Novice: 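Let me give you the structure first, and then I'll get to my questions.
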Amino acid sequence: MTLVTITGGAGFIGSHLAQRLLGEGSTVRVLDSLDPFYDPALKRRNLAELAAAGGDRFEFLEGDLRDAAACRAAVDGADAVVHLAALAGVRPSLRDPVRYMDVNVTGTQLLLQQIESPQTRFVFGSSSSVYGGNTKVPFAESDRVDRPISPYAASKKAGEVQCYTWHHLRGNATTCLRFFTVYGPRQRPEMAIHQFARRITDGQAIPFFGDGSSRRDYTYVEDIVSGVVAAMGRTQGYAIYNLGGAATTSLGELVQQLENALDKKAIIDRQPDQPGDVPITYADVSLAGRELGYRVTTPLHDGVQKFCAWI
Ligand SMILES: NC(=O)c1ccc[n+]([C@@H]2O[C@H](COP(=O)([O-])OP(=O)(O)OC[C@H]3O[C@@H](n4cnc5c(N)ncnc54)[C@H](O)[C@@H]3O)[C@@H](O)[C@H]2O)c1
């Protein structure tokens with residue numbers, strides 16, 4: 001693989017992917033608007049690390065997904081496009097659904113339309129949130145995903161459908177990857193693991209939604225990156241895969257793991273369940289295992305240690 005375009009490559013997952021690809025000798029082009037959803041200084045720091053690692057094999061284009069010319073420049077000549085730029089997060093999407101749809105749906109459409117070569121492989125960063133309130137566990141790709149329960153989830157489901165349509169029309173090899181709560185160094189600051197770790201360290205109370213029994217499947221970012229790289233190797237067809245940690249952890253257990261890793265007790269601020277939150281996420285990764293060679297290499301205990309060392 002020579003030239004890989006990563007939309008959202010200044011962000012958490014995208015910057016890890018860029019780092020891996022630069023390390024493997026690829027040329028990487030990032031399109032990112034440095035959206036202020038969280039401090040753009042953190043994204044600039046990620047970009048500075050990538051520029052240092054990649055030298056002239058790294059290119060950054062500051063631009064918006066909703067700008068056709070910016071998308072065209074970004075995908076020009078790319079062997080693969082990994083589309084990670086999005087407004088992420090369930091709860092903020094309840095406050096500003098139109099903007100979420102604009103960036104995540106209109107932006108995805110604009111990007112897809114700019115890809116001219118049918119040889120360009122397309123990988124889309126979808127989300128476990130498409131499973132909505134699914135109670136059948138673990139979640140398999142064949143489960144129903146037509147009942148998303150937040151605007152963010154609806155926008156990710158829409159993205160998968162748009163990808164299919166464009167694959168049908170243009171023939172590009174296309175892979176949608178449903179990421180299950182990703183964590184690791186550079187994680188978005190509003191995500192639970194990051195926010196909890198900072199608050200425990202600073203002696204501030206952590207917001208604890210519901211009774212602590214909700215369960216999440218957490219995935220270490222390097223495992224996600226390996227799954228994305230494997231998906232970039234697909235040369236034909238359209239496919240959807242779960243990429244998860246294939247285990248579940250309750251909110252209460254997560255806090256205990258952070259307390260152990262940080263060697264400090266958490267102060268708990270109990271709050272009611274949030275609309276749009278799902279009771280459980282749990283990935284069946286057997287399809288990704290068979291077809292992409294995907295493996296979970298970092299269980300939560302080890303990943304939390306690495307994350308807390310970074311914090
Ligand atoms: N982190 C997770 O747990 C998780 C789980 C499921 C899915 N995902 C998906 O993975 C992708 C990456 O997530 P992340 O956690 O790295 O988030 P992130 O916010 O760190 O990265 C997204 C990047 O997209 C950029 N962006 C936002 N709007 C843009 C626009 N209009 N034009 C160009 N760039 C824009 C942002 O500046 C940011 O750098 C997203 O699509 C997200 O929905 C993430």
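Both counts, for ligands and for their atoms, begin at 1 and track the order of listing. Keep in mind that the numbers below use all heavy atoms, side chains included, and drop hydrogens, waters and symmetry copies. In this text the structure is predicted, and so the values were computed from the model without any measurement.
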Novice: With distance as the sole criterion, is a donor-acceptor pair present between the side chains of R20 and H16 under 3.5 Å?
Specialist: no
Novice: Can you find an N or O of T181 that's nearer than 3.5 Å to an N or O of ligand 1?
Specialist: no
Novice: Between R66, R216, R188, flag the one that comes closest to atom 18 (P) of ligand 1 by a heavy atom.
Specialist: R188
Novice: List ligand 1 atoms under 4.0 Å from L34, heavy atoms only on the residue side.
Specialist: 37 (O)
Novice: Consider salt bridge (charged side-chain N to carboxylate O under 4.0 Å, His left out). Of D277, D273, D96, which one does R91 pass it with?
Specialist: D277
Novice: So does E141 pair up with R178, basic N to acidic O under 4.0 Å?
Specialist: no
Novice: Is it the case that atom CD in Q204 sees more than 12 heavy atoms from other parts of the structure closer than 6.0 Å?
Specialist: yes
Novice: Is it the case that ligand 1 has an N or O less than 3.5 angstrom from some N or O of G14?
Specialist: no
Novice: Output, in order, the C-alpha distance, side-chain angles, deciding distance and verdict of salt bridge (charged side-chain N to carboxylate O under 4.0 Å, His left out) for R99 and D35.
Specialist: CA-CA 12 Å; R99 200 164 103 82; D35 182 272; 3.3 Å; yes
Novice: Would you say the side-chain atoms of S33 and D64 include a donor-acceptor pair closer than 3.5 Å?
Specialist: no
Novice: What protein heavy atom is closest to atom 16 (O) of ligand 1, reported as residue, atom name and distance in Å?
Specialist: I13 N, 2.8 Å
Novice: Are the charged groups of D143 and K136 less than 4.0 angstrom apart, N to O?
Specialist: yes
Novice: Is the closest basic N to carboxylate O distance between K157 and D146 below 4.0 Å?
Specialist: no
Novice: Please state which part of Q187 comes within less than 4.0 Å of ligand 1, counting heavy atoms only: side chain, backbone, both or neither.
Specialist: neither
Novice: Which residue and atom name correspond to the protein heavy atom nearest atom 20 (O) of ligand 1, and how close is it?
Specialist: Y38 OH, 2.5 Å
Novice: Check ligand 1 against G8 and write out every atom of the ligand that is under 4.0 Å from a heavy-atom position of the residue.
Specialist: 23 (C), 24 (O)
Novice: Atoms of ligand 1 less than 4.0 Å from G11 heavy atoms?
Specialist: 20 (O), 21 (O), 39 (O)
Novice: Among all protein non-hydrogen atoms, which one is nearest to atom 31 (N) of ligand 1, and what is the separation to 0.1 Å?
Specialist: D64 OD1, 3.1 Å
Novice: With heavy atoms only and a cut-off of under 4.0 Å, state how T7 meets ligand 1: side chain, backbone, both or neither.
Specialist: neither
Novice: For G63, counting its heavy atoms only, list the atoms of ligand 1 lying under 4.0 Å from any of them.
Specialist: 32 (N), 33 (C)
Novice: Can an N or O of L87 be found at a distance shorter than 3.5 Å from an N or O of ligand 1?
Specialist: no
Novice: Looking at ligand 1, does S126 have a heavy atom less than 4.0 Å from it?
Specialist: yes
Novice: Can you tell me which portion of K156 lies within the under-4.0 Å heavy-atom range of ligand 1? Options are side chain, backbone, both, or neither.
Specialist: side chain
Novice: Which option out of A86, A74, C71, S129 puts a heavy atom nearest to atom 22 (C) of ligand 1?
Specialist: A86
Novice: List every atom of ligand 1 that sits less than 4.0 Å from any heavy atom of G125, numbering the atoms from 1 in the order shown and giving each element.
Specialist: 41 (O)
Novice: Charged N to carboxylate O below 4.0 Å: is that the case for E253 and R215?
Specialist: yes
Novice: Numbering the atoms of ligand 1 from 1, which are under 4.0 Å from a heavy atom of S33?
Specialist: 26 (N), 28 (N), 29 (C), 30 (C), 32 (N), 33 (C), 34 (N), 35 (C)
Novice: Residue-level breakdown please: for Y152 versus ligand 1, do any non-hydrogen atoms fall below 4.0 Å on the side chain, on the backbone, on both, or on neither?
Specialist: side chain
Novice: Could you tell me whether Y282 and F139 have their ring centroids closer than 6.0 angstrom?
Specialist: no
Novice: Suppose we measure from atom 4 (C) of ligand 1 to each protein heavy atom; which comes out shortest, and what is that distance?
Specialist: V182 CG2, 4.0 Å
Novice: Is the contact between F180 and ligand 1 made by the side chain, the backbone, both, or neither, using heavy atoms and a 4.0 Å cut-off?
Specialist: neither
Novice: Check each of F307, F196, F12, Y220 against Y183 using the ring pair (Phe, Tyr, Trp, His ring centres under 6.0 Å) test, and report the only one that passes.
Specialist: Y220
Novice: As an exercise, identify every atom of ligand 1 less than 4.0 angstrom from a heavy atom of L65.
Specialist: 30 (C), 31 (N), 32 (N), 33 (C)
Novice: How does R178 reach ligand 1, if at all, at less than 4.0 Å between non-hydrogen atoms: by side chain, backbone, both, or neither?
Specialist: neither
Novice: Around D56, counting heavy atoms of other residues, nucleotides and ligands shown, do more than 12 lie under 6.0 Å from its CG?
Specialist: no
Novice: Quickly, which of I193, V304, T298 forms a side chain to side chain contact (heavy atoms under 4.5 Å, CB included) with Y218? Name it, please.
Specialist: I193
Novice: Apart from Y164 itself, what residues make up its hydrophobic cluster, given side-chain heavy atom links below 4.5 Å?
Specialist: Y238, I240
Novice: Below 4.0 angstrom, N of the basic side chain to O of the carboxylate: do R72 and E116 qualify?
Specialist: yes
Novice: N/O to N/O below 3.5 Å, does that happen between F12 and ligand 1?
Specialist: yes
Novice: Just to verify, what does Y100 make a ring-ring contact (aromatic ring centres under 6.0 Å, His included) with, not counting sequence neighbours?
Specialist: none
Novice: Give the atom numbers and elements of ligand 1 that come within less than 4.0 Å of a heavy atom of M191.
Specialist: 1 (N), 2 (C), 3 (O)
Novice: Any nitrogen or oxygen of S128, main chain or side chain, under 3.5 Å from a nitrogen or oxygen of ligand 1?
Specialist: no
Novice: Of L177, L84, V90, D32, which has the heavy atom at the shortest distance from atom 40 (C) of ligand 1?
Specialist: L84
